[in-house]
Each structure stands twice: as C-alpha cells, then as structure tokens.
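Notes follow once the structure below has been shown.
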Amino acid sequence: MHQRLTFWMVLFAFVAAGIARAQAPASTAPSAAPASMPPGQIMAKGVTGTVSMELNGVRTTLHDGDAVSQFATITTEKQSSVILLFSNGATTQLGEDTSLKIEKFLQDPFSQQINIAQLTTEPTRSKTSLRLTKGELVGKVAHLRHDQGSEFTINTPVGAAGIRGTTFRIVFRPTGTGQAFALFSLSTLEGSVNFQQQGAGGGGQPGTGAPGQPGAGTPGEGGPNNGVAVSGGQEVVVTLSVDVNPQTGVATITTPPTITSTQPISADTTQQIIQAAQAIATTAATTNFTPAPTTSGGQTSGTNGTGDSSGSGSTSSTGSTSSTGSTSDTGSTSGTGSTGNPPPPPPPPAPSQTNSAPQLTPGAGLGPG
C-alpha cells in the first residue's frame, strides 16, 4: 500500500511539472540569437563602353539594370563608366580604367519601396566595404545610422576612407608599368571623410590584409594610424612611387607617404565632381529598390503559414477526427457484431443487445422488457 501511494505521488509530481513547463510564459525561454544582417541590393546603371563583373572566377558583361553581387569585382575599360546604386542610398560612379571590389555590403531588411534620389538618410542600418584597386570614383552617400553601427569604408592601396554622408571623389592612377609614379587624391565636396593610413612604413601588396602594409586590411592595422579629417571643400593629393606588375596591373607602393594635412579643392576638381554628381542624381531619380523577398526567417514563417494551413491537413486530422469513427465507437459498437457472438450464459440476448445500443432504439429495447 505504501509503495503504491509513493508511486502515485511521484507520478503526480512528474505530470504537474510537465504541465507547469508547458504553461510557462515564452519570456522564460532563452531568447533566440539575433538574425545576421543579410546582403543588400546593388544595381548597375548608366553603363557606357565595356564594363564587366567578375565573381568566383566567372566574368560577365554588365548592362543597365543588372544586379551586382557582394564580393564581385567591377572593372571598366578605356572610355567606359558605370554607376552603382546601393539600397542604403549610396551611389558611386566608376570612371574609365577602374577596378572596384565589393568586399562587403550588408543591410537590415526594409519594408517599403525606396527611391534613391529621395533618400537623405539610409532606410536601415548597413555595413559597406569597397576596395578601389585602381582608377577613380565619385560617390554620394546618404547619412548613415552610425549610432546603430552603420559604416561605409573605401579601401585603397594608400589608406582607407571612412565616409560619413557626403559627396567625394577618390583617384588612384599608377602611370605606366614597372617602377612608376601614382597619383592619389581624396576630395570632399561636402560633408566629411575620415582618411586613415594602415601603417606608416613598409610597402606591400594591396589587399593582402597583412599588418604593416599599405592597402591591406582595415583602418588602424599594422602600426600607427595616421588619420586626417577631409572636410567639405578640402582634399589630399600625393604622388607615390610604385612598382606596377605588367601582367596584373597591381601597384605596390615602394615609398608610402604620410598624409597629415589637407588643401582646398581646385576649381577644376570641384567642377568634375559636380558633373559626376549630377549624372548620378539623374540616374538615381529613376531607380527604385523594392523589399527583398523574405529570406529564411520570412520563408519559414511563410512555409509555416502553408505548413499551418496544411496543418489543417492535420486538422484534416479530422481524418483523425474522423476518429469520430472511433468516436462513432459504434465502430466498437459494431463490436456488437462481436457481442453478436451470443454470450454463453444468459440465453435471452435481448436485454444485453439493448444494453449495447439503447440510445439508438429505446422503444424497441424497452418493449420486449
């Protein structure tokens, strides 16, 4: 008796604990990790001449309206150019003989259609990293949500430009092959750019990511960070000694400069930036981005939706509700068929059969009684 009582007490405690867990509020469950920021959208417009995109070793020709992928390298030939529009409101025009890699472009999802020309502030938080290997670009970036962690960086063999919502131009042009010189300039028409060099001293290949090499890694790596603010109407201009690989065209800086000051933008440069900015604005006015199709999270909820409705297929567990077939225990009542095997003891079967289906024909059952 004592053992049986102990068993029932343990069983009751186990069931009660299960019910408590099932009824516990969702807030007590560990919170899910925040979803990672998905890639944003980039579109090519205003294509002139020959412009190509290389991704995973595959090179394709770019046309107006083509999507540009994260990690792709965009190259323009002589007398060619292209405008790249980003769904965070940034725009860049690549001049001729330019190579730019989209190292990173991530953006939180947005819910409404975006017209680039109407944006003054990016619609959602974003992270952008571009690498200009050679050539020139003019860019305009909407005000970023820096307080939420947004960033926009353009890396060059000389240093990295941190953009803070501005119109600017960057030029890096090696001249010739072999031992040569390269012009580097960063001009800010409005707003502000924070220019940082990746380490004073020590040459190196652009983009290798090794500490102490100009053109490698992210700002601040490999030694003292010689930063300078380039505000509206100012620019930095330097001439570099470089070693240009005749096969690849990659320029290795042999005498890295230390940039510490700025100078006013010349009228010539100002005019060039204004013309490029006008072309960008005209193109942006006709460019819209629509919210991206919901990714894994959204699709799962979508499939959950269909899974849910098809869960009505489990609700068509009315098929199990057609366990009314079992509820129609008359199926077990059709166990009267089994009860139909007349029980040996009492010969008069009428009372026990009415016992089996009294609700169906009460009169018939009561009459003979």
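Sequential numbering from 1 along the given sequence is applied to the chain's residues.
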Show every donor-acceptor pair shorter than 3.5 Å between a side-chain atom in residues 49-56 and any protein atom, with sequence neighbours excluded, or say none if there are none.
unit_1 : atom_1 : unit_2 : atom_2 : d
Ser52  : OG     : Arg59  : NH1    : 2.7
Glu54  : OE1    : Arg59  : NH2    : 3.0

* **Contact list for residues 140-149, test salt bridge (charged side-chain N to carboxylate O under 4.0 Å, His left out), sequence neighbours left out** => Lys140-Glu190
* Atom pair CD1/CG of Ile170 and Leu186 - distance to nearest 0.5 Å -> 5.0 Å
* To do: Would you list the pairs meeting ring pair (Phe, Tyr, Trp, His ring centres under 6.0 Å) in which at least one residue belongs to residues 133-158, sequence neighbours left out?
  => none
* **Which residues share a side chain to side chain contact (heavy atoms under 4.5 Å, CB included) with Leu119, sequence neighbours left out** => Ile114, Ile116, Pro123
* Asked: Going from CD1 on Ile42 to CG on Leu85, what distance comes out if it is rounded to the nearest 0.5 angstrom?
  -> 10.0 Å
* To do: Only counting residues at least two apart or in another chain, list the ones meeting side-chain hydrogen bond (donor to acceptor under 3.5 Å, both in side chains) with Lys104.
  => none
* Structure fact -> With sequence neighbours left out, the residues meeting side-chain hydrogen bond (donor to acceptor under 3.5 Å, both in side chains) with Lys45 are Thr287
* Asked: Are the side chain of Thr269 and the backbone N or O of Ile265 linked by a donor-acceptor pair below 3.5 Å?
  -> no
* **Flag side-chain contact, heavy atom, 4.5 Å: Pro291 against Pro109** => no
* Structure fact -> So CD of Glu136 and OG of Ser185: to nearest 0.5 Å the spacing works out to 8.0 Å
* Establish whether Val238 and Phe195 are linked, either directly or via other cluster members, by ILVMFWY side-chain heavy-atom contacts under 4.5 Å. => yes
* To do: Not counting sequence neighbours, which residues clear side-chain hydrogen bond (donor to acceptor under 3.5 Å, both in side chains) with Glu122? List them please.
  => Ser126, Ser150
* Are the side chain of Gln197 and the backbone of Ile259 linked by a donor-acceptor contact shorter than 3.5 Å? -> yes
* Asked: Yes or no on side chain to side chain contact (heavy atoms under 4.5 Å, CB included) for Thr128 and Thr153, after CA distance, side-chain angles and deciding distance?
  -> CA-CA 6 Å; Thr128 310; Thr153 303; over 6 Å; no
* Straight-line distance of Leu144 CG to Lys127 NZ, nearest 0.5 Å -> 10.5 Å
* Structure fact -> Sorted by chain and number, sequence neighbours left out, salt bridge (Lys or Arg N to Asp or Glu O under 4.0 Å) with Lys134 holds for Asp97
* Search all heavy atoms of Ala251 against all heavy atoms of Pro174 and return the closest pair with its distance. => CB-CG, 3.7 Å
* To do: Starting from the C-alpha separation in whole Å, work towards a yes-or-no answer on side chain to side chain contact (heavy atoms under 4.5 Å, CB included) for Ile74 and Leu84.
  => CA-CA 10 Å; Ile74 310 302; Leu84 302 179; 4.2 Å; yes
* Structure fact -> Heavy-atom closest pair (Val242 atom, Phe181 atom, distance to 0.1 Å) is CG2-C, 4.1 Å
* Asked: For Ala142, what residues pass the side chain to side chain contact (heavy atoms under 4.5 Å, CB included) criterion, not counting sequence neighbours?
  -> none
* Structure fact -> When Thr188, Thr262, Ile154, Val236 are each screened for side-chain contact (heavy atoms from CB on, under 4.5 Å) with Val193, the one that passes is Thr188
* Spacing of Arg131 atom CZ and Ile102 atom CD1 [to the nearest 0.5 Å] -> 12.5 Å
* Asked: Are Leu137 and Leu62 connected in the hydrophobic side-chain network, where two residues link if heavy atoms are under 4.5 Å apart?
  -> yes
* Under 3.5 Å, side chain of Asp64 to main-chain N/O of Val47, donor-acceptor pair present? -> yes
* Exceeds 12 heavy-atom contacts within 6.0 angstrom, atom CD of Gln112 -> no
* Asked: Should Val230 and Ile163 be counted in the same cluster of Ile, Leu, Val, Met, Phe, Trp and Tyr side chains packed under 4.5 Å apart?
  -> yes
* To do: Any pair with a residue in residues 80-133 that passes ring pair (Phe, Tyr, Trp, His ring centres under 6.0 Å), sequence neighbours left out, goes on the list, sorted by first then second residue, please.
  => Phe86-Phe105
* Asked: Between Ala285 and Asn115, what is the shortest heavy-atom contact and its length?
  -> O-ND2, 3.3 Å
* Within-4.5 Å side-chain heavy-atom neighbours: Ile273 and Phe168 -> no
* Met43 and Val68: side chain to side chain contact (heavy atoms under 4.5 Å, CB included), yes or no, with the steps? -> CA-CA 6 Å; Met43 189 185 300; Val68 173; over 6 Å; no
* To do: May I have the step-by-step check of side chain to side chain donor-acceptor pair (under 3.5 Å) for Thr254 and Ser241, ending in yes or no?
  => CA-CA 6 Å; Thr254 54; Ser241 176; 2.9 Å; yes
* May I have all residue pairs that pass side chain to side chain donor-acceptor pair (under 3.5 Å) and include part of residues 69-81, sequence neighbours excluded? => Thr48-Ser81
* Do Thr283 side-chain atoms and Ala281 backbone N/O form a donor-acceptor pair below 3.5 Å? -> no
* **Transitive ILVMFWY side-chain link Val171 to Ile83, under 4.5 Å** => no
* To do: Hey, could you give me the OG1/CD distance between Thr270 and Glu235, rounded to the nearest 0.5 Å?
  => 7.5 Å
* Asked: Of the non-hydrogen atoms in Phe289 and Gln41, which two are nearest, and what is the gap between them?
  -> CD2-OE1, 3.5 Å
* List the atom of Ala277, the atom of Thr167, and the distance in Å for their closest heavy-atom pair. => CB-CG2, 4.3 Å
* To do: Tell me, with the steps shown, if Thr156 and Phe184 meet side chain to side chain contact (heavy atoms under 4.5 Å, CB included).
  => CA-CA 9 Å; Thr156 75; Phe184 173 81; 3.6 Å; yes
* **Atom of Asn155, atom of Ser129 and distance for their closest heavy-atom approach** => ND2-OG, 3.3 Å
* Of all residues at least two apart in sequence or in a different chain, which pass the side-chain hydrogen bond (donor to acceptor under 3.5 Å, both in side chains) check with Gln107? -> Ser87, Thr124
